[in-house]
Amino acid sequence: MMGKKLVLVGGGHAHMVTLARLHTFLEKGHRVTVIGPSPFHYYSGMGPGMLGNTYRPDDIRFRTQHVVEKQGGTFILGKVKSIEPEEKQVRLESGDAISYDVVSFNSGSYVPRLNLTEDAADVFSAKPIERLMEAQKRILDLAPKKKITVGILGGGPSSAEIAGNIWQLVRNQGLKTASIKIFTGRKLMSRFPERVSRKVEASLTARGIEIVTNGYVKKIKTGQVELESGQTYTLDFIFLAMGVRPNPMFKNSGLPTGPDGGLLVNKNLQCAEYPEMFGGGDCIYFHSQPLDKVGVYAVRQNPVLYHNLMAALEGGPFQAFDPGGNYLLIFNMGGGKGILKKRWLLFGGRPAFFIKDYIDKKFMKKFQAIE
Ligand SMILES: Cc1cc2nc3c(=O)[nH]c(=O)nc-3n(C[C@H](O)[C@H](O)[C@H](O)COP(=O)(O)OP(=O)(O)OC[C@H]3O[C@@H](n4cnc5c(N)ncnc54)[C@H](O)[C@@H]3O)c2cc1C
């Protein structure tokens with residue numbers, strides 16, 4: 001029997017099991033191609049910790065290209081720009097077309113750049129995580145020379161984690177304290193229960209981090225943000241952490257999408273209109289129940305995605321994805337402290353960070369072992 005072509009777009013959190021077991025597809029005679037813009041995949045849960053210098057880049061990344069090639073798969077360094085579903089091919093930014101029999105998307109999400117020009121300097125987005133590496137370098141260049149000013153746009157967990165870890169970075173280097181402001185528009189952590197937002201806010205303000213709630217940012221340029229009211233702030237570094245969106249490639253390619261532009265998938269993580277198309281993580285819109293854009297769901301989707309890709313190639317019944325119940329959230333607030341929330345349980349301090357650090361390192365170890 002002639003093997004089929006499996007293409008994985010992005011080696012994100014939902015493809016970890018499939019990547020670890022890539023050899024099982026090859027053993028059955030199929031060809032596997034993985035496309036990604038970097039030879040590495042960064043574990044976002046530890047991204048702010050890397051910014052704060054708790055972890056080194058090596059601690060938080062998987063060698064995707066190496067893992068693929070070691071098992072006999074093909075790795076293409078590139079970015080998918082569009083999908084041509086009738087021709088069963090994906091088109092890369094380079095113009096090359098890669099054909100598939102079965103394709104799976106785990107290409108994540110990005111932070112919209114508002115009306116920012118491409119040449120704006122010292123503006124960093126929360127994703128891709130590689131940007132946080134560049135930010136750390138720039139901060140460490142400037143902070144010994146002056147008291148740096150940092151503005152973080154957005155009021156969710158990644159904003160809070162970035163603020164707390166910049167505070168840690170500067171403090172641990174024995175540098176002049178930084179002036180850090182979070183521009184959250186109205187309210188910090190507004191998607192969360194009141195007691196969670198109060199706890200996060202208390203942790204930040206205790207370190208002198210200012211939370212600006214008098215209106216949204218209207219304009220950004222190098223070194224400056226302007227609020228709707230016209231008030232301006234001068235900043236050395238600007239971070240964009242206003243929430244993420246799936247890559248527009250699905251919508252632009254005319255595929256079925258959810259309201260956020262994510263690839264619309266059914267309970268089998270499969271596109272109903274093109275059953276040879278699957279996906280997981282932040283880039284999909286799960287039809288049965290919209291999912292929060294958190295790594296937890298991507299991680300839970302792993303075994304189902306692996307099973308269903310194999311079933312699509314080999315025949316056999318599909319598995320349905322069960323998002324599961326309430327999930328554990330732990331924010332890394334910097335300074336060795338965290339805030340843990342699960343259902344009614346909420347606590348902060350060192351034990352919360354200790355648990356996060358333990359879980360995150362365990363996850364990394366499990367998948368780095370394949371390397
Ligand atoms: C700062 C920060 C901290 C976070 N902390 C947590 C946390 O502690 N816990 C939690 O549950 N969630 C956390 N999240 C949310 C979490 O990051 C996402 O939900 C998670 O990354 C989704 O995983 P993913 O695999 O879908 O996407 P990603 O992790 O973004 O992976 C996508 C992959 O696809 C590749 N790719 C992108 N575009 C293309 C393309 N066009 N073609 C080919 N490949 C492409 C990328 O290089 C990347 O390797 C955090 C987010 C941020 C920004």
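Every number for a ligand or one of its atoms is a count from 1 in the order of the listing.
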Checking a contact table here: which protein heavy atom is nearest atom 24 (P) of ligand 1, and how many Å away? N106 ND2, 3.5 Å
What I want to know is whether V296 and ligand 1 share at least one N or O pair that is separated by under 3.5 angstrom. yes
Check whether any N or O atom of Y42, backbone or side chain, sits under 3.5 Å from an N or O atom of ligand 1, and answer yes or no. no
Does ligand 1 have an atom that lies less than 4.0 angstrom from a heavy atom of S38? no
Which atoms form the tightest heavy-atom contact between Y100 and M277, and what is the distance? OH-CE, 3.5 Å
If you measure every N/O of S158 against every N/O of ligand 1, is any gap under 3.5 Å? no
Establish, yes or no, whether a centroid distance under 6.0 Å links the rings of Y358 and F354. no
Looking only at protein heavy atoms, identify the closest one to atom 45 (C) of ligand 1 and say how far it is in Å. P37 CD, 3.5 Å
Measure the distance from atom 53 (C) of ligand 1 to every protein heavy atom, then report the residue, atom name and distance (to 0.1 Å) of the closest one. K127 CG, 3.5 Å
Only pairs under 3.5 Å count here: list side-chain donor-acceptor contacts from residues 328-349, not counting sequence neighbours, and write none if there are none.
| from | atom 1 | to | atom 2 | distance (Å) |
| --- | --- | --- | --- | --- |
| N332 | OD1 | G334 | N | 2.9 |

for atom 16 (C) of ligand 1, nearest protein heavy atom and its distance come out as S44 OG, 3.4 Å
Strictly under 4.0 Å, does any heavy atom of M46 approach an atom of ligand 1? no
Looking at non-hydrogen atoms alone, which of G295, S109, G338, G78 comes nearest to atom 13 (C) of ligand 1? G295
Hey, what do you get for CG (L132) to CD (E130), rounding to the nearest 0.5 Å? 9.0 Å
If we count only non-hydrogen protein atoms and require a distance under 4.0 Å, does atom 9 (N) of ligand 1 qualify as touching the protein? no
Got a donor-acceptor contact below 3.5 angstrom from the H30 side chain to the K4 backbone? yes
At what distance, to the nearest 0.5 angstrom, does CD1 of I166 lie from CG of L51? 5.0 Å
Tell me whether R138 forms a cation-pi arrangement with F237, defined as NZ or CZ under 6.0 Å from the six-membered ring centre and within 45 degrees of its axis. no
Identify the closest protein heavy atom to atom 41 (N) of ligand 1: which residue and atom is it, and at what distance? V80 O, 3.0 Å
Looking at ligand 1, does any of its N/O atoms fall within less than 3.5 Å of an N/O of H13? yes
To check your reading of the model: name the closest protein heavy atom to atom 39 (C) of ligand 1, its residue, and the distance in Å. S107 CB, 3.8 Å
Are F250 and Y285 an aromatic pair, judged by ring center distance below 6.0 Å? no
Residues joined to Y216 in its hydrophobic cluster, side chain to side chain under 4.5 Å directly or through other members, sorted by chain and number, are none
